[in-house]
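As the structure is a prediction and not an experimental result, all values here were calculated from the model.
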Amino acid sequence: MVNPIPESVKRVWDNWNIRGIILFSLFLQTILILFAPFRKFTANRLMIMLIWSAYLLADWAANFAVGLIADSQRDNQASMPEKSDLLAFWAPFLLLHLGGPDTITAFALEDNELWIRHFFGLVFQAIAAVYIFLLSLPRNKLFIPTILTFAAGLIKYFERTCALYLASLDRFRDSMLQEPDPGLNYVKIMEEYASRIEAKIPTKIFMLPEPTRKPIFNDTDILTKDGKLDDLDVVHCACYFFKIFKGLLVDIIFSFRERDESRRFFYGRMPEEAYRIIEVELNLFYETFYTKVEVIRSATGYIMRFLSFGSVVVALSFFHLNVEKHGFDNVDVRVTYILIFGAICLDTIALFMLVFSDRTFAALKKTDHESKSSGRKKSGMATALGWFFALKQPTWRPCPHKPGCNVLATHFLLRRWSGSFSGQNLIRYCLKGRPTRVHKVKSYLHLVIEKFIHYADTFISTAGKIVGFLHIRKVITFLGPIRRKVIKFFVSKFNQVIHCLLNRKVIPVFGIVKIIYCLRLKSNRFINSLGIIDFVNEILYVSHEPLSEDLWRFIFDELKKKSVYEIDTVTAGRISLPRSDWIFEDDLKSVRDQLRPYIAENAFDKSLLLWHIATELLYQTDGDSNSDEKEFSRLLSDYMLYLLIMQSGMMSAVAGIGKIRFRDTCAEAKRFFESKNVASDKEIKKACREILWVNTFAKPAAVKGDRSKSLLFEATMLAKQLNKLDQQSKWKLISKMWVELSSYAASHCDARSHAQHLSKGGELITFIWLLMSHFGLGEQFQINNDQGRATLIVGK
């Protein structure tokens with residue numbers, strides 16, 4: 001029988017199986033430490049898949065390599081003692097790899113709950129490494145470097161296990177709980193009160209206000225600073241509020257003190273400053289749940305890191321200077337150097353990231369405000385490193401398609417989140433139309449290429465003038481339009497590649513997405529059978545908009561107005577409901593009764609779909625008006641539908657039967673468009689006009705019954721009601737309603753879903769959720785300022 005595996009392949013495997021797996025493990029660690037931070041500022045599926053694959057393969061490769069070494073060690077112990085020594089030296093490096101880089105301990109939030117599995121993994125892998133080491137005794141030339149590397153590997157693996165343990169939700173909740181508060185002794189007070197009444201001593205119960213809690217910062221600290229916050233002030237404030245509001249993720253309740261302190265501070269801040277503080281704050285959330293920062297940022301952590309790094313450096317020195325290499329295979333020696341230098345380089349990169357992290361700036365920061373009050377000078381290191389934090393501040397660039405509008409365009413290496421939000425449009429989806437964008441901004445690569453083209457053209461023109469090659473100039477002039485078209489084509493493709501790498505698309509290089517789009521149209525049944533319809537729809541029909549400065553300012557101002565209506569914790573919970581009347585609190589009271597059935601009498605998912613369809617119908621048939629409220633309404637409308645349909649897990653608490661309603665509505669819309677011969681998204685305005693022209697004298701439910709959950713023509717009735725308002729009032733009301741729906745969804749989403757999406761580029765709704773908390777909106781504030789302590793007062 002012919003051997004299916006050639007002898008040459010067997011020899012290669014026997015010689016390189018251990019070497020290859022160990023080097024592959026080191027390669028995976030490099031991928032993780034360099035690319036794991038990318039997932040907090042991009043939700044690109046290719047990038048997430050790369051990180052996910054490396055995360056899973058890293059543990060497998062290290063465990064597999066340990067098994068190979070243990071199996072090979074018994075064969076080499078007598079015949080090849082030098083080989084046995086090197087294998088024993090390599091095993092602790094696999095412990096280092098199992099410890100993982102600082103930039104990722106958990107891929108998903110659920111991984112933190114598996115900390116006990118990693119603890120047992122630490123125990124058994126340490127036993128395996130000790131077993132391999134014992135097999136190399138008693139003539140091990142690498143005894144000392146092996147012991148040093150083993151100690152470093154144990155420390156790194158222990159760091160990862162501790163980080164997972166500290167980030168597990170039960171442990172995190174326990175760390176946030178304060179000492180139990182039984183309150184005053186009710187029985188004792190009542191007995192004393194009864195005894196005084198029996199003695200006919202005039203006595204009454206008087207409620208003393210809660211004693212003032214000493215704040216973490218003094219009255220002259222950064223929280224009371226007037227004027228604009230500088231770059232380092234922002235991270236200082238973010239760290240302060242993070243220590244308070246990190247309990248949001250585990251449903252910790254807050255008192256009026258935290259609410260009033262936070263609200264007072266954010267009332268005095270500009271929207272841009274609030275955005276920067278929340279951005280840093282969410283970055284701190286990400287680091288807490290997905291990295292080793294909570295372990296490293298302690299005295300014990302610094303000592304452990306110093307010992308780990310120092311052990312590897314000393315092992316390198318001993319191996320290089322004191323170990324005689326005679327008898328070792330040259331390839332194995334090179335592999336050993338690669339492992340040692342790889343470990344040192346990974347720790348150096350981790351140190352670099354640690355130094356330039358937000359928590360380092362918060363620890364070193366000594367603001368001018370504090371310096372004047374304490375008489376101390378500002379930290380020299382904070383001043384020296386301040387330039388780097390200035391680079392990380394949000395960059396707002398003008399939108400070329402809308403003068404006067406600035407959109408977020410921070411360089412992707414300096415972002416703390418994706419800086420964009422997605423959108424899905426029901427009408428355009430039913431017409432199989434590709435998504436459109438309101439705001440477009442050129443990527444950095446696009447700008448660089450344009451600069452290069454500009455300088456190349458200048459050089460060619462100047463060279464032609466100086467040299468005087470008239471014929472060449474004529475050729476260049478003749479080829480100029482062709483050259484520009486070719487350059488424009490490649491620039492557009494480069495721009496698409498960079499844009500899609502940093503957003504939630506696959507790379508549409510040279511028409512790949514068009515091919516997928518055509519296949520989608522021809523093979524709906526096949527795609528449905530595979531269960532990837534949502535994946536394909538997200539590629540083809542989901543748009544991605546950069547956050548605009550005006551939109552954030554609008555959201556900030558509206559939530560600030562909402563918080564003004566809050567008097568106590570009862571109204572805080574009421575205002576967070578989608579049935580509240582705060583959007584009618586001004587000149588819109590006249591339409592409250594007509595629109596109340598579309599707000600107060602519907603489930604959240606139904607209200608969202610009704611207002612989404614009505615918004616799109618009015619947006620497409622509203623002429624050429626370009627008010628800001630109109631634009632905000634469209635963006636928030638598409639975004640909320642995207643969350644309802646594409647992120648149903650995040651919206652599970654409020655989603656209801658939203659997906660069923662969406663599918664039924666799409667089916668009715670497609671049937672209607674076919675009857676009106678509307679077959680392309682280029683006719684979307686005509687499609688919307690046709691819908692609005694339908695007579696809606698009777699409610700659809702009265703005609704069709706309630707078997708179908710389609711909302712198409714019920715939304716048409718809402719659009720007709722809104723059309724009775726003047727242009728300004730109409731879009732003012734609609735935009736307010738979308739802020740209301742967004743804030744309700746944000747406050748009712750599971751807090752863990754907000755934390756989960758921090759590792760997928762982040763979501764705008766998470767910013768809204770945290771901003772609401774800072775304004776004191778929500779149900780987490782359950783201790784009023786009138787709930788003081790009772791005492792007995794003797795009257796006259």
Might you point out which heavy atoms bring [X] and [Y] nearest each other, and give the distance in Å?
| X | Y | answer |
| --- | --- | --- |
| Ile277 | Ala238 | O-CB, 3.5 Å |
| Ile31 | Ala54 | CG2-CB, 3.9 Å |
| Asp85 | Lys141 | OD2-N, 3.3 Å |
| Ala58 | Gln29 | CB-NE2, 3.6 Å |
| Ser357 | Arg297 | OG-NH2, 2.9 Å |
| Ala350 | Asp102 | CB-OD2, 3.3 Å |

Any [X] side-chain heavy atom under 4.5 Å of [Y] side chain:
| X | Y | answer |
| --- | --- | --- |
| Gln393 | Val234 | no |
| Met650 | His754 | yes |
| Leu284 | Cys239 | yes |
| Ile296 | Val293 | no |
| Tyr55 | Ile104 | yes |
| Phe93 | Ile340 | yes |
| Leu68 | Ile22 | no |
| Leu94 | Gln125 | no |

Just verifying a value: how many Å separate [X] [atom1] and [Y] [atom2], rounded to the nearest 0.5 Å?
| X | Y | atom1 | atom2 | value |
| --- | --- | --- | --- | --- |
| Asn15 | Asp329 | CG | CG | 8.5 Å |
| Tyr286 | Phe41 | OH | CZ | 9.0 Å |
| Leu57 | Phe24 | CG | CZ | 5.0 Å |
| Phe133 | Leu135 | CZ | CG | 11.0 Å |
| Ile48 | Ser53 | CD1 | OG | 11.0 Å |
| Ile144 | Ser311 | CD1 | OG | 12.5 Å |

Can you confirm whether [X] is buried at [atom1], in the sense that more than 12 heavy atoms of other residues, nucleotides or ligands lie under 6.0 Å from that atom?
| X | atom1 | value |
| --- | --- | --- |
| Arg117 | CZ | no |
| Phe341 | CZ | no |
| Tyr302 | OH | yes |
| Arg752 | CZ | no |
| Phe107 | CZ | yes |
| Trp13 | CH2 | yes |

| query | Judged by modelled atom types alone, do Thr288 and Arg359 share a side-chain donor-acceptor pair under 3.5 Å? | reply | yes
| message | With no hydrogens and no angle check, just 3.5 Å: does a side-chain donor-acceptor pair link His118 and Tyr165? | response | no
Under the 3.5 angstrom rule, does the side chain of [X] hit a backbone N or O of [Y] as a donor-acceptor pair?
| X | Y | answer |
| --- | --- | --- |
| Thr30 | Leu26 | yes |
| Thr103 | Leu32 | yes |
| Thr410 | Thr395 | yes |
| Asp111 | Ala108 | yes |
| Thr105 | Leu164 | no |
| Thr348 | Ile344 | yes |
| Ser25 | Ile21 | no |
| Thr42 | Phe38 | no |

Please work out which of the three classes, parallel, tilted or perpendicular, describes the rings of [Y] and [X], given edges at 30° and 60°.
| X | Y | result |
| --- | --- | --- |
| Phe289 | Phe172 | tilted |
| Phe767 | Trp417 | tilted |
| Phe242 | Phe285 | perpendicular |
| Phe241 | Phe245 | tilted |

| When you measure from the centre of the six-membered ring of Phe361, is the NZ or CZ of Lys392 under 6.0 Å away and within 45° of the axis? | no
| message | Taking the six-membered ring of Phe319 as reference, does the cationic atom of Lys325 (NZ for Lys, CZ for Arg) lie under 6.0 Å from its centre and within 45° of its axis? | response | yes
| query | Yes or no on side chain to side chain contact (heavy atoms under 4.5 Å, CB included) for Leu86 and Leu142, after CA distance, side-chain angles and deciding distance? | reply | CA-CA 7 Å; Leu86 276 179; Leu142 303 176; 3.7 Å; yes
| message | Name the residue from Ser420, Ser422, Ser418 that meets the side chain to side chain donor-acceptor pair (under 3.5 Å) definition with His544. | response | Ser422
Do [X] and [Y] sit within salt-bridge range, that is, some charged N less than 4.0 Å from a carboxylate O?
| X | Y | result |
| --- | --- | --- |
| Arg276 | Asp231 | yes |
| Lys83 | Asp332 | yes |
| Arg171 | Asp174 | no |

| task | Show your working on side chain to side chain contact (heavy atoms under 4.5 Å, CB included) between Phe143 and Ile147 and close with a plain yes or no. | result | CA-CA 6 Å; Phe143 179 86; Ile147 292 295; 4.1 Å; yes
Give every donor-acceptor pair under 3.5 Å between a side-chain atom in residues 153-162 and any protein atom, sequence neighbours left out.
{"unit_1": "Lys156", "atom_1": "NZ", "unit_2": "Asp347", "atom_2": "OD1", "d": "3.1"}
{"unit_1": "Glu159", "atom_1": "OE1", "unit_2": "Arg305", "atom_2": "NH2", "d": "2.6"}
{"unit_1": "Glu159", "atom_1": "OE2", "unit_2": "Arg305", "atom_2": "NH2", "d": "3.4"}
{"unit_1": "Arg160", "atom_1": "NH1", "unit_2": "Asp59", "atom_2": "OD1", "d": "3.1"}
{"unit_1": "Arg160", "atom_1": "NH1", "unit_2": "Leu98", "atom_2": "O", "d": "2.8"}
{"unit_1": "Thr161", "atom_1": "OG1", "unit_2": "Tyr157", "atom_2": "O", "d": "3.0"}

| When you look at Lys40 and Tyr290, which way does the side chain to side chain contact (heavy atoms under 4.5 Å, CB included) test go after all the steps? | CA-CA 10 Å; Lys40 69 181 177 182; Tyr290 298 103; over 6 Å; no
| Does the side chain to side chain contact (heavy atoms under 4.5 Å, CB included) test come out yes or no for Lys246 and Ile252, once each step is laid out? | CA-CA 9 Å; Lys246 63 182 180 180; Ile252 298 295; over 6 Å; no
